[in-house]
Amino acid sequence: MDGTMQNKNIMDYETVALDDADSALVVIDQTKLPAETTLLRLHTAQEIWEAIYLLKVRGAPAIGVAAAFGIYLLAKGIDAEDYDTFYRKFREHKDYLNSARPTAVNLSWALNRMERVCEENRTRPVEEIKRRLRETAVAMKEEDIRVCRAIGEYGLSLVKPGDGILTHCNAGQLAACKYSTATAPIYLGQERGYHFRVFADETRPLLQGARLTAYELQSSGVDVTLICDNMCATVMRNGWINAVFVGCDRVAANGDVANKIGTSVVAAVAKRYNVPFYVCAPTSTIDMDTPTGSDIVIEERPAGEVTDMWYEKPMAPAGVKVFNPAFDVTDNELITAIVTEHGVLRPPYTAAFQELFGALQNR
Ligand code: MRU
């Protein structure tokens, strides 16, 4: 651990970084924000798994890049010269990391992409495979920045200077490498003097909106107002919101979207008040192998996150039953558009996805 650092803007840190010389995955410990900025140096499979499970590194794109760097470092440490032994150990690490969280498709997407590097280079020396794994992981981080910037440009085309924007959870820089998804239009607008008024839902129970989104937007000079989750109807009814932008963890083939718990409530309220509801999604998050939102595995997390965590004393009767799903599914009919790095997709989403992926294949 590097310890606690002060006097540096949170936006100056890399959410996820590779320190190859020290064989370390370096992440900001997001559970300590905004009070402390602590960098964690992760070396072992268990440390990486725990950092993902405990949300020290979180947000779909950041999880994907962390997994890519993590599996590269674990592969680098495999002591084997023959491909079969190397690949067997690689698979053990891959399956272990993949079990950390089930809902964000970026985790398995990144690990599968790294596995393909092994398979496609199986006839090469193991050292060469390791080198190519490193190149791929580094490229994935660079791609993430390019993709998020493109999402920002398309998202920005949907709003105008001075607009009020509501967002839920943290789909900001702390959830990705730069710009991120839901905040990309906000950051690009900020660079261009759009003067958005942003409302950030606090996002119970883990408060990613309060601790992370409000923090990073405020640190960037964005006009941000923090609200409790149950206030979204009030700000929409007041006419303060022109658009909702959220990120996502997995988009099913029919356009249903899994994102942080509470997202579907915001979408339903937005529909009631005629506020457009936009989901920002890199194409890597669109999972054509998952037919509908009902097929998405929703992570359930410990009861203590609802009853005790963040409170000085427990806020619920001891032993009370708790239901704590980390994500929910927003039905596609509540989604005005899905903003990808290749453009703004409108319903019907199945046809829009087929057209997009067809065009990408023919490139
Ligand atoms: O449980 P978390 O904090 O990892 O949940 C994160 C979200 O739901 C984000 O909105 C999503 O991953 C998109 S991040 C660009």
Side-chain angles (χ1 to χ4, degrees), residues 15-16 27-31 33 51-67 100-110 143-145 147-152 155 166-187 200-213 215-217 229 244-251 257-267 277-287 293 296-302 305-306 309-310 324-330 335 338-341:
T15 307
V16 182
V27 301
I28 302 170
D29 184 347
Q30 299 196 31
T31 60
L33 293 174
I52 295 172
Y53 176 71
L54 295 173
L55 276 57
K56 291 170 191 279
V57 55
R58 37 88 24 223
I63 292 173
V65 175
R101 297 190 76 189
T103 306
V105 71
N106 302 58
L107 180 58
S108 56
W109 174 85
E143 256 172 54
D144 179 65
I145 297 170
V147 161
C148 288
R149 201 184 152 91
I151 288 174
L166 185 139
T167 190
H168 188 76
C169 190
N170 174 262
Q173 179 162 308
L174 289 161
C177 298
K178 194 170 164 58
Y179 299 109
S180 195
T181 60
T183 53
I186 297 169
Y187 285 130
D201 280 351
E202 65 174 352
T203 317
R204 282 276 295 153
L206 294 182
L207 307 179
Q208 289 93 331
R211 295 185 303 104
L212 307 175
T213 305
Y215 181 45
E216 62 165 86
L217 291 179
D229 296 335
V244 176
F245 282 108
V246 295
C248 62
D249 287 82
R250 193 182 294 249
V251 182
V257 162
N259 191 50
K260 179 52 52 193
I261 190 73
T263 302
S264 64
V265 179
V266 178
F277 182 90
Y278 300 118
V279 173
C280 298
T283 45
S284 57
T285 309
I286 302 173
D287 179 6
I296 299 175
V297 177
I298 300 293
E299 175 182 10
E300 283 189 41
R301 297 192 57 90
E305 291 179 351
V306 175
M309 213 168 165
W310 317 117
N324 184 17
F327 301 94
D328 63 18
V329 171
T330 300
I335 300 170
I338 297 181
V339 185
T340 76
E341 72 273 30

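First listed ligand is number 1; within each ligand, the first listed atom is number 1. Side chains included, hydrogens not; waters and symmetry mates left out as well; all remaining heavy atoms used.
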Walk me through it: do T167 and T213 pass the test side-chain contact (heavy atoms from CB on, under 4.5 Å)?
CA-CA 9 Å; T167 190; T213 305; 3.9 Å; yes

State which residues pass ring-ring contact (aromatic ring centres under 6.0 Å, His included) with Y278; sequence neighbours excluded, sorted by chain then number.
F245

Paired with F277, the side-chain contact (heavy atoms from CB on, under 4.5 Å) test is passed by just one of V257, L166, I335, namely I335

Side chain to side chain, N106 and S284, heavy atoms closer than 4.5 Å:
yes

Which protein N or O atoms sit under 3.5 Å from any N or O of ligand 1? Give each pair with its distance.
residue	atom	partner	partner atom	Å
ligand 1	1 (O)	R101	NH1	3.4
ligand 1	1 (O)	R101	NH2	2.8
ligand 1	1 (O)	K260	NZ	2.8
ligand 1	3 (O)	R58	NE	2.7
ligand 1	3 (O)	R58	NH2	3.2
ligand 1	3 (O)	Q208	NE2	2.9
ligand 1	4 (O)	G59	N	3.0
ligand 1	4 (O)	R101	NH1	2.8
ligand 1	8 (O)	D249	OD1	2.9
ligand 1	8 (O)	N259	OD1	3.1
ligand 1	8 (O)	K260	N	3.2
ligand 1	10 (O)	N259	OD1	2.7
ligand 1	12 (O)	A60	N	2.9
ligand 1	12 (O)	D249	OD1	3.2
ligand 1	12 (O)	D249	OD2	3.0

Could you list the residues that satisfy salt bridge (Lys or Arg N to Asp or Glu O under 4.0 Å) with R211, not counting sequence neighbours?
none

Residues at least two apart in sequence or cross-chain that pass side-chain contact (heavy atoms from CB on, under 4.5 Å) with V147, listed by chain then number, are I151, P282, E341

